[in-house]
Protein chains: 2
Amino acid sequence: MAARTGKARAGETAKQDAKAKLLEAALTTIRTKGYAATTVDELCAAAGVTKGAFFHHFKSKEALGVAAAEHWSQTTGEMFAGAPYHGFADPLDRVLGYVRFRKSLLTGGVPEFTCLVGTMVQETYETAPAIRDACARSISGHAKTLEADIEAAIAARGMVPGWTAASLALHTQAVLQGAFILAKAKGGADVAAESVDHLIRYIELLFGAGTR
Amino acid sequence: MAARTGKARAGETAKQDAKAKLLEAALTTIRTKGYAATTVDELCAAAGVTKGAFFHHFKSKEALGVAAAEHWSQTTGEMFAGAPYHGFADPLDRVLGYVRFRKSLLTGGVPEFTCLVGTMVQETYETAPAIRDACARSISGHAKTLEADIEAAIAARGMVPGWTAASLALHTQAVLQGAFILAKAKGGADVAAESVDHLIRYIELLFGAGTR
DNA sequence: CGACACATACCAACCAGTCGGTATGTAAGT
DNA sequence: ACTTACATACCGACTGGTTGGTATGTGTCG
């Protein structure tokens, strides 16, 4: 089992196998049960590796939490970077395209569409600053990717709003995170989708959709 | 609750003392560290009672979680029922009054203004159905108190909106819950307040404020 | 007395983290 | 070519402290 190596370019592919599997297991397990209720043994079992492998790659459970948040930032970042809405010519269409894209992601089971870092930060914000900061970076970094388009949409319309592009970008994240909580409480994606619909309507109203 | 029997007067002070203190300790401790990370021993220490008292009043940790959610519903319910915004004549003013009141509550430390049930449901929605349902009832019940005013505001303006009063009421809860997550991640109430400002602006736009 | 509200003592299961060991690859010395 | 030395990746038994929960005792009040 250990020696999946032994072929071609040395252990490049098989290497990091346990680490990647642990990170992947962390995403689903923590989103399902939360960070505190997820045990190291459970993660190891889900990933099909041993405890030795866990503590070889992560110096503590907290370190795994930080790594999981960073892994989440990276994989979701790549996913959004490759999404089709970036192709729209009008910056407002790109902003609305983003939110509609988020809405389209609201399918399947609750643990599949909810947010890892939103879940983790609730439990760790006071007790594990390293995880909290990693989660904060993830959310802020993601919101940042919206700012330029919002700013451009404001400029294109010659608007001088009483709010900032940054605050609207963060507000979209607040609505999504809150929608996830509602989905968890009510056991389905429908409530979440309705809340996202209100967000879409808000952005359209803000930019005077229909009058443009 | 059940044991409020006995005399209407007389030595009532000490009675139920442990239960009330445990519930109170649960509110602050769970909001700070989350449900899973909060231990029974810790709760007992914070409440100044022993473990025997804990398991005398609650048959399990999960039962405490359910009771805490119900206690939360009741105390916050009384607080909102007594809030001044109910006195406004215009139903829209009552709706906006509610949201502005929520914004005014965003002071002090993060564990002081965040929501118990929003925190708990994230960790327990898959693993403790009884707690999840208690949290769902708390959120839905609270949202319900807004519906009549939203409905009245719609009727007063003769509107036929493409959304429902129920969905807007739930959306306000989503924004608040999401704002709490942002506050936890960024370590302050400011982000939360800005998100609530966007919610206020949305409601004003929805009802055509300025043109009424 | 007997029910109730608590306290004390205790336990089995579980937890994060440790440690000595093995398998494999790599690079330098000879 | 072959050893020596070191690094990486992983294994799994073990540990000491913690956890939720229990069994039983004690004081008080009606």
Side-chain angles (χ1 to χ4, degrees), chain A residues 1-23 25-26 29-30 33-68 123-124 127-128 130-131, chain B residues 1-26 29-30 33-68 120 123-124 127-128 130-131:
Chain A
M1 211 126 283
R4 212 190 254 95
T5 56
K7 261 299 83 136
R9 316 298 229 68
E12 294 256 334
T13 44
K15 218 166 201 168
Q16 292 289 98
D17 204 35
K19 186 171 185 177
K21 273 150 78 178
L22 280 166
L23 249 13
T29 310
I30 296 176
K33 320 183 48 177
Y35 171 78
T38 296
T39 69
V40 173
D41 283 316
E42 202 175 357
L43 247 20
C44 293
V49 305
T50 61
K51 224 163 172 179
F54 184 99
F55 285 100
H56 171 71
H57 291 290
F58 308 102
K59 79 169 211 291
S60 65
K61 186 189 173 187
E62 185 173 338
L64 177 273
V66 173
E123 298 178 67
T124 59
T127 49
I131 296 180
Chain B
M1 271 111 199
R4 261 280 150 72
T5 54
K7 277 317 134 41
R9 33 144 218 256
E12 280 233 350
T13 42
K15 214 159 196 166
Q16 291 290 103
D17 208 32
K19 187 172 185 178
K21 273 150 77 177
L22 280 165
L23 250 13
E24 210 51 43
T29 310
I30 295 176
K33 321 182 48 178
Y35 171 78
T38 297
T39 70
V40 174
D41 284 316
E42 200 175 359
L43 246 21
C44 294
V49 305
T50 62
K51 228 163 166 179
F54 184 99
F55 285 100
H56 172 71
H57 291 289
F58 309 102
K59 79 169 212 292
S60 66
K61 187 190 173 187
E62 185 173 339
L64 175 276
V66 173
M120 271 204 298
E123 296 178 67
T124 59
T127 49
I131 296 180

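Note that these values count all heavy atoms, side chains included, but never hydrogens, waters or copies made by symmetry. Chain naming here is simple, since letters A, B, ... match the order of the sequence lines and numbering starts at 1 in each.
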Inset, instruction - Compare the minimum distances between each of dG20(D), dA5(C), dA7(C) and the side chain of V40(B), then state the nucleotide with the smallest one. - result: dG20(D)
Inset, instruction - Quickly work out the D17(B) CG to dC4(C) P distance and round it to whole Å. - result: 19 Å
Inset, instruction - Quick one: pull up OG1 in T38(A) and CD in E123(A) and give me the separation to the nearest 0.5 Å. - result: 8.0 Å
Enumerate donor-acceptor pairs with a distance under 3.5 Å from any side-chain N or O in residues 43-56 of chain A to protein atoms, sequence neighbours excluded.
| from | atom 1 | to | atom 2 | distance (Å) |
| --- | --- | --- | --- | --- |
| K51(A) | NZ | D41(A) | OD1 | 3.4 |
| K51(A) | NZ | D41(A) | OD2 | 3.4 |

Inset, instruction - Output the single nucleotide from dG17(C), dA9(D), dA7(C) whose closest atom is nearest the side chain of A53(B). - result: dA7(C)
Legend entry - Spacing between F55(B) atom CZ and dA7(C) atom C1', to the nearest angstrom: 14 Å
Inset, instruction - Can you tell me the distance, in whole Å, between the CG atom of D41(A) and the C1' atom of dA13(C)? - result: 12 Å
Legend entry - K59(B) NZ to dC6(C) P, straight-line distance once rounded to whole Å: 20 Å
Inset, instruction - Supply the atom-to-atom distance K33(A) NZ to T39(A) OG1, rounded to the nearest 0.5 angstrom. - result: 6.5 Å
Inset, instruction - Nearest whole angstrom, please: distance from the P of dG21(D) to the CD of E62(B). - result: 9 Å
Legend entry - Candidate nucleotides dC6(C), dA7(C), dA9(D), ranked by approach to the side chain of A18(B) - the nearest: dC6(C)
Legend entry - Given dC6(C), dG21(D), dA7(C), the nucleotide with the shortest approach to the side chain of K61(B): dG21(D)
Inset, instruction - Mind calculating the distance between NE2 (H57(B)) and P (dG21(D)) to the nearest angstrom? - result: 16 Å
Inset, instruction - Measure from OH on Y35(B) to P on dT19(D) and round the result to the nearest Å. - result: 14 Å
Inset, instruction - Step by step, work out the side-chain contact (heavy atoms from CB on, under 4.5 Å) result for L22(B) and F58(B). - result: CA-CA 10 Å; L22(B) 280 165; F58(B) 309 102; 4.0 Å; yes
Inset, instruction - Just compare dA9(D), dT19(D), dA16(C) and give me whichever is closest to any side-chain atom of T39(A). - result: dA16(C)
Inset, instruction - Starting at CG of L64(A), measure out to NZ of K59(A) and round the result to the nearest 0.5 Å. - result: 11.5 Å
Might you list the N or O atoms of the protein lying below 3.5 Å from N or O atoms in nucleotides 14-17 of chain D, with each pair's distance?
none

Inset, instruction - Can you tell me the distance, in whole Å, between the NZ atom of K33(A) and the P atom of dC14(C)? - result: 12 Å
Legend entry - Heavy-atom pair with the smallest gap, counting every atom of A130(B) and E62(B): CB-OE2, 3.5 Å
Inset, instruction - Kindly compute the distance separating OH (Y35(B)) from OG1 (T124(B)), expressed to the nearest 0.5 Å. - result: 7.5 Å
Legend entry - Along DNA chain C (nearest heavy atom to each residue), the more 5'-positioned of A37(A) and H56(B): H56(B)
